[in-house]
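Reminder, nothing fancy here: chain letters follow the sequence lines and each chain counts from 1.
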Amino acid sequence: MKIASWNVNSLNVRLPHLQQWLASAVPDVVGLQETKLDDPRFPDTELVGLGYRSVFAGQKTYNGVAILSREPATDVQIGIPGFDDEQKRVIAATVGGVRVINLYVVNGQDVGTDKYAYKLRWLDAVHDWVADELQRHPQLVVLGDFNIAPDARDVHDPEVWNEYHILTSAAERTALQRLLDLGLHDAFRLHHDDAGVFSWWDYRQAAFRRNLGLRIDLTLVSEALRTRCSGAGIDREPRSWERPSDHAPAWVELAG
DNA sequence: ATGGTTGGAACCCAA
């Protein structure tokens with residue numbers, strides 16, 4: 001079972017890329033972030049032809065998440081239960097016995113801003129909810145655009161991306177660690193320990209060509225899935241296509 | 001280097 005995560009930065013613009021990538025990578029489940037479209041405009045019929053059904057929670061202009069799957073998705077949850085949030089950043093569903101939580105984590109703008117405070121509050125609510133979900137669903141995957149680079153290997157310049165910088169600040173990394181401490185594992189790191197493998201590159205300053213990126217798109221697997229996780233990686237190729245998303249798809253393979 | 005680029009809106013915001 002191949003499970004992937006991709007921040008498409010507008011599904012309107014990126015639908016051809018998504019279709020091309022689905023046809024070649026053939027994932028069983030995909031969590032999308034930043035679809036940036038209202039539910040009535042979600043291109044679900046265009047994806048049926050490729051063998052995918054969709055569940056989604058969108059809004060105009062900003063945010064928006066979806067789960068595509070070859071098998072039906074059940075027990076769909078939109079938003080964090082008990083956490084009042086106008087922004088559509090969370091959708092969860094069960095596919096093939098695996099609970100999949102798809103997150104578009106708040107960016108946070110800059111350390112110390114209101115948006116940063118919202119990010120930390122939001123991550124706190126996610127923590128409590130994931131703790132709950134783990135009780136109900138031992139076979140759990142938490143994936144998405146985390147907008148947090150786990151450690152120095154995951155940034156091109158650790159001197160810039162330090163404990164005071166957005167996406168790498170101490171409080172953000174502590175929030176990620178608290179999630180992992182619930183009994184989750186960064187699937188990529190189960191299979192690779194090298195530095196310089198990234199999932200996001202800024203559009204500016206030819207960052208992709210120079211590999212000035214960050215690894216902020218993560219897939220966390222529960223203890224029960226850790227032994228089933230036979231591989232993980234990041235598909236850089238779609239980032240090289242014409243008019244790309246600034247993120248590349250990240251994937252994990254679960255055996256059995 | 002307070003720059004630079006992209007997407008979607010409306011002549012700026014978020015990333």
Engineer: Below 4.0 angstrom from OP1 or OP2 of dG7(B), is there any side-chain N or O of Arg243(A)?
Structural biologist: yes
Engineer: Can you list every side chain to side chain donor-acceptor pair (under 3.5 Å) pair that touches residues 205-218 of chain A, not counting sequence neighbours?
Structural biologist: Asp154(A)-Arg215(A), Asp186(A)-Arg215(A), Ser199(A)-Asp217(A), Trp201(A)-Asn211(A), Asn211(A)-Arg236(A), Asp217(A)-His247(A)
Engineer: Could you check whether Asp202(A) gets within reach of a base, just the sugar-phosphate, or nothing at all, counting any heavy atom under 4.0 Å?
Structural biologist: nothing
Engineer: Kindly give the atom pairs (protein nitrogen or oxygen, nucleotide nitrogen or oxygen) under 3.5 Å for nucleotides 13-15 of chain B.
Structural biologist:
unit_1  : atom_1 : unit_2    : atom_2 : d
dA14(B) : OP2    : Lys115(A) : NZ     : 3.0
dA14(B) : O5'    : Lys115(A) : NZ     : 3.3
dA15(B) : OP1    : Arg89(A)  : NH2    : 3.4

Engineer: Indicate yes or no: does Asp110(A) engage Lys115(A) in a salt bridge with an N to O separation below 4.0 Å.
Structural biologist: no
Engineer: Using Watson-Crick and G-U wobble pairs whose two distances are both under 3.5 Å, how do you write the pairing of DNA chain B as dot-bracket, with | for links to another strand?
Structural biologist: ....((((...))))
Engineer: What distance, rounded to whole Å, do you find between the two C1' atoms, one in dT2(B) and one in dA15(B)?
Structural biologist: 16 Å
Engineer: Look at atom CD of Glu71(A) and say whether more than 12 heavy atoms of other residues, nucleotides or ligands are closer to it than 6.0 Å.
Structural biologist: no
Engineer: Roughly how many Å apart are dG7(B) and dG3(B), using the P atom of each and rounding to a whole number?
Structural biologist: 22 Å
Engineer: Quickly work out the Asp157(A) CG to dA1(B) P distance and round it to whole Å.
Structural biologist: 13 Å
Engineer: dG4(B) and dA14(B): how far apart are their C1' atoms, nearest whole angstrom?
Structural biologist: 15 Å
Engineer: Given atom CG of Leu15(A) and atom C1' of dG7(B), what is their separation to the nearest angstrom?
Structural biologist: 16 Å
Engineer: Check this for me: does any side-chain nitrogen of one of Asp193(A) and Arg189(A) sit under 4.0 Å from a carboxylate oxygen of the other?
Structural biologist: no
Engineer: Can you check the Asn9(A) CG to dT6(B) P distance for me, whole Å?
Structural biologist: 11 Å
Engineer: Compute whether any side-chain donor of one residue and acceptor of the other, for Asn102(A) and Gln33(A), lie under 3.5 angstrom apart.
Structural biologist: yes
Engineer: I'd like to check Val126(A) versus Ile80(A) (side-chain heavy atoms, cut-off strictly below 4.5 Å). Are they in contact?
Structural biologist: yes
Engineer: Which whole-number value in Å describes the distance from Arg209(A) CZ to dG4(B) P?
Structural biologist: 17 Å
Engineer: Is it true that, when you exclude Asp84(A) itself, more than 12 heavy atoms of the residues, nucleotides or ligands shown sit nearer than 6.0 Å to its CG?
Structural biologist: no
Engineer: Kindly say if Arg14(A) contacts the phosphate of dT6(B), meaning a side-chain N or O under 4.0 Å from OP1 or OP2.
Structural biologist: no
Engineer: What interatomic distance, in whole Å, is found between C1' of dC13(B) and the corresponding atom of dA9(B)?
Structural biologist: 8 Å
Engineer: Spell out, as yes or no, whether a donor-acceptor pair under 3.5 Å connects the side chain of Asp235(A) to the backbone of Glu237(A).
Structural biologist: no
Engineer: Can you measure Arg210(A) atom CZ to dT5(B) atom P for me and round it to whole angstrom units?
Structural biologist: 12 Å
Engineer: Begin with the C-alpha distance, continue with both residues' side-chain angles, and end with the deciding distance and a verdict on salt bridge (Lys or Arg N to Asp or Glu O under 4.0 Å) for Asp246(A) and Arg239(A).
Structural biologist: CA-CA 7 Å; Asp246(A) 45 352; Arg239(A) 185 64 178 80; over 6 Å; no
